[in-house]
Every structure is written in structure tokens, then in C-alpha cells.
J.: 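Below is a structure I'd like to ask you about.
Side chains are part of it too, since the values below use all heavy atoms of this structure and drop only hydrogens, waters and symmetry mates. Order of listing sets the numbers, starting from 1, for every ligand and every atom in it.
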Amino acid sequence: MLTVYSEKHALHNPRGELCGGELVVPFECPARVEHILQRVKKVALGDIIAPGNFGIEAVARVHDPAYVRFLESCWRQWSAAGYRGDAIATVWPARGMQQRIPEHIEGKLGYYALACETAITRGTWEAARASVDVALTAQAALRDGERAAFALCRPPGHHAAADLFGGYCFINNAAVATQAFIDQGAERVALLDVDFHHGNGSQAVFYDRSDIMFLSLHGDPKYAFPHFLGYADETGCGAGEGYNHNYPMGPGTCFSTWGEALADACRNIRNYAPDALVVSLGVDTFEHDPISFFRLTSEDFRRYGATIARLDLPTLFVMEGGYAVDEIGINAVNVLEGYEG
Ligand code: Q9C
Ligand code: ZN
């Protein structure tokens, strides 16, 4: 299987993440993708290529133009305001307040942020641009006839909505790639999100659409981030009614339960008969993940890769989360090896 990778991911390397009232070393760190890349090489998964330079047009099909301008200019405005740390949101347009976009960068940050664990730094925009280029390059390989490809994206994307960043995400790589399939003539595309966290951004982007089915297996939002989306009764709206499937699961969920949810999701995908499948691949479902509560083993990843392969669809894997850094390479590549059979 082809892998697309850019070393520019390392340009996004925030100093800290607010967690449990402390500034800790960020869970979403550059070492994550380096471990995955090493594993891809070790098992000789296939060719590894650098991304091409895609313009902003494909990104603009999913994201709001003013949001894109904000991401692009945030660091400049933040430093111009005299701040010396990373750009972190500290105030939100909460219930009962105005939803106008403020002039001051502190207000803008809060307007566009969905959480405050995610810092914007000098190199964040360039890294996020490279990350979506990775996804679009892998998508183009499928367009040109590859059966499957692995976009080794960092930063991840599935929490980013049309005009929201957070949950370590800025540009929704998987959503942009999914939309690219449609723009190239696909009639239907399924976006299957197996990251531990609900893909709130992807769901929001496609919620009123019947040409994209979104399915997400994740920690129940009653107990897990992003806390405010991802319930089972969110089934889509308007023309999109019936094309959104959420599978929230509780603490301690093992592969027996998780695998049943995947089997049900696969039944829905089969009935939908899409032209292509995009997988938001997070391996934070791992039993030893430091911020999650599912109990999948390294072998389980191989097993479910094979389940996805049985859908027999052109498949684009887009890297999302996974924070057990020592095992992240084995777990992510196990899915791809399981898929290849
Ligand atoms: N104190 C992805 O997996 N909350 N994002 C962390 C730790 C944010 C996860 C809580 C989790 C974001 C792409
Ligand atoms: Zn996650």
C-alpha cells in the first residue's frame, strides 16, 4: 500500500497542552508519525512518497473562507499583540452571548476554537497545509487507480468543522479528501471514523448530505471528548436524514462489542454501495492509550483491518489520533496489514 508522508508535520510542535489543570507535554506530538513511518518502513508496506502542492481550493470546499484566513494569520496577529506563549483560546461565545467575530485576536481565537487544549504556534498553519496535502495526494492516487492508500497526516483533522479548530485538529483532512472524491465525479462516498473520539467536525460538515454517509464508532460523549456531539440519535438532517450513524460506547469497551458496532457500520456501508471509502484512522482505541477508555489490543487492529477489506471498496486511510506513542506504529500499521491480508 502506498503511504504519503510530509516532514513538515514537525513545524507544529506546541509547548504545552492544558490537561487536568496543568500544562503538560502535548499528547499529540511529532514523535507519533515518526513511529508510524518507521513501522511502515520496517514491514515494507509499500512506497512512501511526499505530498504534492494542492491549492487552497479543495480546502475551501469544506472550510469557511474567513476561518481559513484566521488560521493563516493567527500566529502573526497573536505575536503582534505582544503575547509570548502559544496562541490558546481562553474565552468563548457561550450561551446568551453574541456570535459576532471580534477584531482582537483573543476574541477571534475563542470564536473559532471548540476547546483550549489545542495551541496554534508559528508553524501550525504550514504543518496543517502539508497535512491536508498528504490526504489529497493519497486521494489522487486512488483517483488514478490505486486500490488503497495511507495518508500519514499530522496534525489530525476529524474534530475540525467548517469554522472550528480543536481536539488537536485544524483542517479536516478526511472531509476534504471525501469531498474531493465527490468533486471528481463519485456519486456516493462513505466516511468511516474509527478514532476513539467522535468525529464531530466530519459529522457537522456532511450532516445535511445524502451523497456522503458518515459513520463513527467512539467513546460515549456522556463520558468522552468532544462531550457535546456524537449521540446515537444524531441521524442527519434534511436530505442527509438517515445518512449519519453514531455508535457511542462506554468505558472498558472491548473488541467483542466494538467489532459488533463495526459489523453494523459495514452493513450500512454495503447497503449504501458507495464508490469509495475514507477511513478516519485513529488508534486511540488501544487498551493502553493514555487519554481514552476502550480496550482494543494490537491484534484487534489487524483483525478489523481485514473486516474493512471485505467491503471491497477503493479505500483511503487518513491518520487521526492515537497517543500510546511506543505502540502507535504497530497499531496503525496492523490495520493496514490486516487490510492487505
Ligand atoms: N486531558 C484526536 O484524537 N481532550 N483528538 C484531551 C486530555 C482532547 C483528541 C483530554 C482529545 C482530542 C484527533
Ligand atoms: Zn481521537
J.: Looking at CD1 of Ile88 and CG of Leu23, how far apart are the two atoms once the value is rounded to the nearest 0.5 Å?
T.: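 Those atoms lie 6.0 Å apart.
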J.: What angle, in degrees and rounded to 10°, do you get at the Zn ion (ligand 2) when you join it to OD2 of Asp284 and to OD1 of Asp195?
T.: 110°
J.: Do you see an N/O/S atom of His197, backbone or side chain, under 2.8 Å from the Zn ion (ligand 2)?
T.: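 So His197 does bind the Zn ion (ligand 2) by this criterion.
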J.: Could you walk me through whether Tyr168 and Phe27 pass ring-ring contact (aromatic ring centres under 6.0 Å, His included), step by step?
T.: CA-CA 9 Å; Tyr168 316 146; Phe27 292 98; 7.4 Å; no
J.: Taking only Lys NZ, Arg NE, NH1 and NH2, and the carboxylate oxygens of Asp or Glu, determine whether Arg69 and Asp64 approach each other closer than 4.0 Å.
T.: no
J.: Using a 3.5 Å cut-off on N/O to N/O, what pairs does ligand 1 make with the protein? A line per pair would be great.
T.:
unit_1	atom_1	unit_2	atom_2	d
ligand 1	3 (O)	His197	ND1	3.2
ligand 1	3 (O)	Asp284	OD2	3.1
ligand 1	3 (O)	Tyr323	OH	2.6
ligand 1	5 (N)	His159	NE2	3.3
ligand 1	5 (N)	Gly167	O	3.0
ligand 1	5 (N)	Tyr323	OH	3.4

J.: Are Tyr111 and Phe70 near enough that their ring centres are under 6.0 Å apart?
T.: no
J.: List, by chain and number, the other hydrophobic cluster members for Ile330, where Ile, Leu, Val, Met, Phe, Trp and Tyr join if side-chain heavy atoms come within less than 4.5 Å, directly or indirectly.
T.: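 Cluster partners of Ile330: none, it stands alone.
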J.: State plainly whether the residues Arg32 and Glu28 are in salt-bridge range, i.e. N to O under 4.0 Å.
T.: yes
J.: Within this structure, what is the CH2-OG1 distance for the pair Trp78 and Thr121, rounded to the nearest 0.5 Å?
T.: 12.5 Å
